[in-house]
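Quick note on labels: first sequence line is chain A, next is B, and so on, each numbered from 1.
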Protein chains: 2
Amino acid sequence: MEETYEKPILTVDVAYLSIKENALEILLIERDKPPFLGEFALPGGYVHCNEDKDLQATARRVIAEKTHLDPDYIEQVETIASDTRDPRGWTATVLFMALVNGEKRELEEHLGKGCKWDELDSLDTNTLAFDHEALLAKVKERLTAKSRYTSIPLFLLPPSFTLTEAQHCFEITTHSTLEKKSFRRRLLDADIIEETGELSETGRRKAALYRIKDKDDVHFFPRMIG
Amino acid sequence: MEETYEKPILTVDVAYLSIKENALEILLIERDKPPFLGEFALPGGYVHCNEDKDLQATARRVIAEKTHLDPDYIEQVETIASDTRDPRGWTATVLFMALVNGEKRELEEHLGKGCKWDELDSLDTNTLAFDHEALLAKVKERLTAKSRYTSIPLFLLPPSFTLTEAQHCFEITTHSTLEKKSFRRRLLDADIIEETGELSETGRRKAALYRIKDKDDVHFFPRMIG
DNA sequence: TAAATAGTGTCTTTAAGACAATATCTC
DNA sequence: GAGATATTGTCTTAAAGACACTATTTA
């Protein structure tokens with residue numbers, strides 16, 4: 001067991017998601033070298049042992065290299081490894097899901113060369129490099145599942161939002177239609193958001209604006225929704 | 001990015017759990033080489049690129065090297081990495097949780113040298129090697145959480161079991177006291193177990209024996225229990 | 001028959017679903 | 001005031017919790 005085995009390649013890939021115009025979008029980068037030259041992929045890269053203090057640090061660095069947008073939420077999804085997923089040999093990649101609120105993105109975005117945001121649900125995933133189609137499927141599944149019993153979709157909303165906007169956001173991430181009264185009761189009873197005191201400007205009747213009480217708190221609801 | 005970075009060490013560690021006499025037990029091995037010589041650790045080892053087709057294969061191999069007991073359930077928990085968790089340098093370990101039913105363990109166990117089963121809740125975890133105390137905490141948290149809304153604890157039961165035994169099992173994994181009627185209704189309504197037709201021999205009144213309908217199915221209940 | 005454990009009946013509680021009614025805003 | 005959207009009221013439903021009651025087994 002102390003023989004030195006060939007060390008596998010260890011990378012981190014990040015599915016970086018945000019919401020724009022009522023649709024989930026994902027950050028993709030065009031590969032500028034083989035393999036899969038010219039194809040689009042999730043942002044990712046090698047773990048830099050002397051630079052990254054842990055895997056989340058790698059994920060944050062990989063994002064920062066492509067856009068200066070700091071994520072509002074980050075979660076490790078799964079580590080996938082095999083000798084077939086990358087033509088360069090046996091590799092392992094630690095897959096992360098990261099969320100950034102749409103307003104921050106519009107105001108602060110500096111997209112790196114070859115980067116783009118693509119609408120997630122209309123994306124032709126089988127054109128992605130490596131096994132990123134499979135990775136993306138795992139992220140979608142995780143987000144959809146956790147949106148049914150946690151407050152995670154709130155991190156996709158702007159810092160202040162109406163309850164209707166919040167409902168649309170959860171409808172997008174759960175891929176379902178939600179019932180207005182149930183949704184509001186659930187969110188308000190959970191005591192995780194509070195009124196800002198301001199009112200929304202758009203629309204007909206003005207709606208109360210809310211903010212997340214604690215940006216670092218993920219709430220677990222006692223039951224599934226949707 | 002095409003420079004060759006120092007590859008980190010990639011290992012797999014497995015928390016292998018079973019139930020004996022109404023308590024969770026975990027498989028530990030005594031380290032026979034430095035670092036942490038003589039201390040106990042989770043079974044684990046390097047990924048063997050030419051041998052393991054993926055990470056779950058590594059986890060199964062690592063278990064098989066210590067005991068021939070095939071797990072009834074296996075789940076990847078999280079990948080933990082840093083330059084402080086192992087004195088040998090920057091390492092990443094993929095942590096798995098595996099369950100084996102207690103009856104199989106009693107009948108088929110061949111424990112490797114230096115291995116032992118220890119009661120999980122009375123284990124002095126801060127004597128474990130590496131950061132295995134922290135890894136174990138993550139596994140405990142995952143098992144407790146998922147026991148509240150999935151059927152996973154059933155994999156710790158013998159192939160045929162009474163409803164009372166099932167309830168005790170869930171009480172152990174959730175660390176809570178459950179209500180008999182609620183528990184039975186929940187399990188039976190889920191349509192995931194069926195009567196074997198046999199009756200239990202022990203105890204006063206004979207109890208109906210049940211088995212899992214589909215050993216590969218993990219059921220998600222619509223609400224949390226306990 | 002008593003003790004112990006298995007199993008059931010049924011009322012309450014919690015939180016989601018349905019859906020209508022009312023309120024407020026802009027034009 | 002009309003149209004649109006926000007907000008609330010309230011009845012229903014699903015599934016868990018409480019708890020007492022009955023059933024079966026063995027000593």
Listed in order of residue number, which residues of residues 169-183 of chain B have a non-hydrogen atom at under 4.0 Å from DNA chain C? Lys180(B), Lys181(B)
Rounded to whole Å, please give me the gap between [atom1] in [X] and [atom2] in [N].
| X | N | atom1 | atom2 | result |
| --- | --- | --- | --- | --- |
| Leu188(B) | dG7(C) | CG | P | 10 Å |
| Asp191(A) | dA15(C) | CG | C1' | 16 Å |
| Ile225(B) | dT14(C) | CD1 | P | 17 Å |
| Phe161(A) | dA6(D) | CZ | C1' | 16 Å |
| Gln167(B) | dT8(C) | CD | C1' | 14 Å |
| Glu201(A) | dT24(C) | CD | C1' | 14 Å |
| Lys206(A) | dC27(C) | NZ | C1' | 14 Å |
| Arg223(A) | dA16(C) | CZ | P | 6 Å |

Let me know, please, whether Pro222(B) or Thr162(A) comes out on the 5' side of the other along DNA chain D by nearest nucleotide. Thr162(A)
According to ring-ring contact (aromatic ring centres under 6.0 Å, His included), who are the partners of [X], at least two apart in sequence or on a separate chain?
| X | result |
| --- | --- |
| Tyr73(B) | Phe155(B) |
| Phe130(A) | Phe36(A), His132(A) |
| His68(A) | His110(A) |

Assess, by modelled atom type and distance only, whether the side chains of Thr162(B) and Thr164(B) contain a donor and an acceptor separated by less than 3.5 Å.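 Per modelled atom types, Thr162(B) and Thr164(B) side chains form no pair under 3.5 Å.
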Between Thr11(B) and Thr93(B), do the side chains contain an N or O donor and an N or O acceptor separated by less than 3.5 Å?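 The criterion, which ignores hydrogens and geometry beyond distance, is satisfied for Thr93(B) and Thr11(B).
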For a quick test of your reading: what N or O donor-acceptor pairs under 3.5 Å do the side chains of residues 121-129 of chain B make, sequence neighbours left out?
| residue | atom | partner | partner atom | Å |
| --- | --- | --- | --- | --- |
| Thr125(B) | OG1 | Glu133(B) | OE2 | 3.3 |
| Thr127(B) | OG1 | Asp124(B) | O | 2.8 |

Taking 4.0 Å as the cut-off, does a side-chain nitrogen or oxygen of Arg184(B) come that near to OP1 or OP2 on dG7(C)? yes
For dA16(D), take OP1 and OP2 only and decide whether either is under 4.0 Å from a side-chain N or O of Arg186(B). yes
Does the dA23(C) base have a donor-acceptor partner in the side chain of Arg205(A) within less than 3.5 Å? yes
Regarding dG9(D), can its base be found pairing with the side chain of Arg185(A) as donor and acceptor, where the two atoms are less than 3.5 Å apart? no
Identify which nucleotide among dT10(D), dC27(C), dT24(D) has an atom closest to any side-chain atom of Arg204(A), counting heavy atoms from C-beta outward.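 That would be dC27(C).
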Determine all donor-acceptor pairs shorter than 3.5 Å in which one atom belongs to a side chain in residues 207-226 of chain B; sequence neighbours excluded.
| residue | atom | partner | partner atom | Å |
| --- | --- | --- | --- | --- |
| Arg211(B) | NH1 | Glu194(B) | OE2 | 3.0 |
| Lys213(B) | NZ | Asp191(B) | OD1 | 2.6 |
| Asp214(B) | OD1 | Asp216(B) | N | 2.9 |

Look at all strands and tell whether Thr164(A) reaches a base, only sugar-phosphate, or nothing, counting heavy atoms closer than 4.0 Å.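 Sugar-phosphate, backbone atoms only, no base.
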Using the closest heavy atom to pick a nucleotide of DNA chain C for each, name whichever of Asp189(A) or Tyr210(B) lands nearer the 5' end. Tyr210(B)
